[in-house]
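Residue numbers begin at 1 in each chain, while the letters A, B, ... track the order of the sequences. Quick caveat: nothing in here was measured; it's all calculated off a predicted structure.
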2 protein chains.
Amino acid sequence: MGCEEEVVTTLRKAGQKATPQRIAVLSALRHSGRHMTASELLAEAKRQIPVLEISTVYRTLAAAKELRLVGEARMGTGEVEYEWLGQNRHHHLICRQCGQVERIEDTYLASLAIALFENYGFRADLDHFAIFGICRNCQKGGRG
Amino acid sequence: MGCEEEVVTTLRKAGQKATPQRIAVLSALRHSGRHMTASELLAEAKRQIPVLEISTVYRTLAAAKELRLVGEARMGTGEVEYEWLGQNRHHHLICRQCGQVERIEDTYLASLAIALFENYGFRADLDHFAIFGICRNCQKGGRG
DNA sequence: AGAGAAATTGCATATAATAGCACTTGATGA
DNA sequence: TCATCAAGTGCTATTATATGCAATTTCTCT
Ligand SMILES: [Zn+2]
Ligand SMILES: [Zn+2]
Ligand SMILES: [Zn+2]
Ligand SMILES: [Zn+2]
């Protein structure tokens with residue numbers, strides 16, 4: 001299934017409207033396969049919808065986040081980064097010193113979710129975490 | 001040790017200057033023992049330093065966060081909430097449906113930190129997390 | 001106590017993100 | 001196909017946070 005079709009069916013299934021604006025923004029994000037900021041998405045989606053407004057981009061992303069289609073993370077740059085999640089879940093380790101970003105799979109956070117459910121009955125949505133700290137290299141005194 | 005003295009010695013030990021502005025902001029936060037927003041802290045600290053500016057409050061909090069004296073968390077309200085950490089570490093579970101906030105001790109996140117260190121050599125700073133999800137009550141169909 | 005360097009502040013301004021509101025559009029079903 | 005109506009959009013205004021810079025203040029050293 002292509003980006004557009006998946007976006008359209010998912011929105012409709014959730015009782016939301018599949019507008020050209022949303023389709024343009026979300027399929028741009030899904031298609032890129034990487035983190036993108038709201039303004040990057042605006043620039044990209046404007047190629048299809050020239051009148052598109054940044055507020056529509058934000059509202060689209062907020063709605064898609066509710067549906068857990070996209071994840072967001074503050075990676076330490078000024079702007080929030082968004083990413084298409086679909087079924088997959090992953091997280092990031094960010095070094096406070098050298099800025100290096102490492103991607104980690106969901107395993108570690110998944111076991112946290114299990115522990116929280118067993119102890120608090122809380123069903124945690126650990127979709128896309130940014131975890132700050134010091135990387136292996138910088139601990140050794142390296143500059144990363 | 002009172003709020004002010006602890007703030008002063010910690011700042012000096014870290015090579016930072018203990019200005020009246022910082023002392024007022026940080027000891028207000030420490031003294032309150034709860035989450036406070038930047039504007040609440042401005043209002044409180046202005047009682048001592050009437051000329052205090054909101055930008056100074058933000059810069060003070062950013063510096064203290066670097067020193068890991070204070071934690072910040074986005075709890076789903078519009079504003080970032082700050083809290084004095086000192087030596088203690090805790091986290092919060094926030095229900096996306098009813099808004100209930102539960103406080104959890106550091107245990108769960110501490111074992112995540114251990115796993116990340118063993119597997120990636122990454123020393124994670126899991127100071128003060130806000131974890132969103134659905135609480136026990138709301139899962140049962142309750143309104144929380 | 002006083003000089004000097006460096007950090008910090010106030011002020012003005014910029015940027016990121018959100019919200020209100022009137023108008024438009026997509027989905028639904030006759 | 002068309003009427004209906006809630007959801008979504010553009011536009012504007014607002015809020016929260018960050019930054020540049022000149023003036024001030026703290027700390028250190030003498
Ligand atoms: Zn990611
Ligand atoms: Zn590093
Ligand atoms: Zn807290
Ligand atoms: Zn709940």
Enter the distance from A:Arg22:CZ to A:Ser27:OG here, rounded to the nearest 0.5 Å.
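A:Arg22 CZ to A:Ser27 OG: 13.0 Å, rounded to 0.5 Å.
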Scan [X] against the nucleic acid and name what it touches under 4.0 Å (heavy atoms): base, sugar-phosphate only, or nothing.
{"X": "B:Ala18", "result": "sugar-phosphate"}
{"X": "A:Ser39", "result": "nothing"}
{"X": "B:Thr37", "result": "nothing"}

First contact, last contact: which nucleotides of DNA chain D are these for chain A, 5' to 3', heavy-atom distance under 4.0 Å?
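It runs D:dA6 to D:dC11.
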For a side-chain contact (heavy atoms from CB on, under 4.5 Å) check, start with the C-alpha distance between B:Met75 and B:His35, then their side-chain angles and the critical distance, and finish with the verdict.
CA-CA 10 Å; B:Met75 310 284 290; B:His35 290 184; 3.9 Å; yes
Hydrophobic clustering (ILVMFWY, side-chain heavy atoms < 4.5 Å, transitive) - are [Y] and [X] grouped together?
{"X": "B:Leu126", "Y": "A:Phe122", "value": "yes"}
{"X": "B:Val25", "Y": "B:Leu67", "value": "yes"}
{"X": "A:Val80", "Y": "A:Leu41", "value": "yes"}
{"X": "A:Leu52", "Y": "A:Ile54", "value": "yes"}

Whole-Å gap separating [atom2] ([N]) and [atom1] ([X]):
{"X": "B:Ile54", "N": "C:dT13", "atom1": "CD1", "atom2": "C1'", "value": "16 Å"}
{"X": "A:Leu61", "N": "C:dT18", "atom1": "CG", "atom2": "C1'", "value": "13 Å"}
{"X": "A:Arg12", "N": "C:dA27", "atom1": "CZ", "atom2": "C1'", "value": "8 Å"}

Under the criterion side-chain contact (heavy atoms from CB on, under 4.5 Å), I'd like the reasoning laid out for A:Val101 against A:Leu93: C-alpha separation, chi angles, the key distance, then a yes or no.
CA-CA 6 Å; A:Val101 174; A:Leu93 304 180; over 6 Å; no
Base, backbone or nothing for each nucleotide of nucleotides 3-9 of chain C, written B, S, -, heavy atoms under 4.0 angstrom, 5' to 3'?
---BBSB
Counting the benzene-type ring for Trp, do B:His90 and B:His128 have ring centres under 6.0 Å apart?
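B:His90 vs B:His128: aromatic centres under 6.0 Å.
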C:dA17 phosphate, OP1 or OP2, under 4.0 Å from A:Tyr58 side-chain N/O:
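It does, given that an N or O in the side chain of A:Tyr58 lies less than 4.0 Å from OP1 or OP2 of C:dA17.
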Considering heavy-atom distances to DNA chain C, does A:Pro20 or A:Gly78 have its closest nucleotide positioned more toward the 5' end?
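So the residue in question is A:Gly78.
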Under 30°, 30 to 60°, or over 60°: which ring-plane class applies to A:Phe129 and B:Phe129, parallel, tilted or perpendicular?
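Aromatic pair A:Phe129/B:Phe129 classed parallel.
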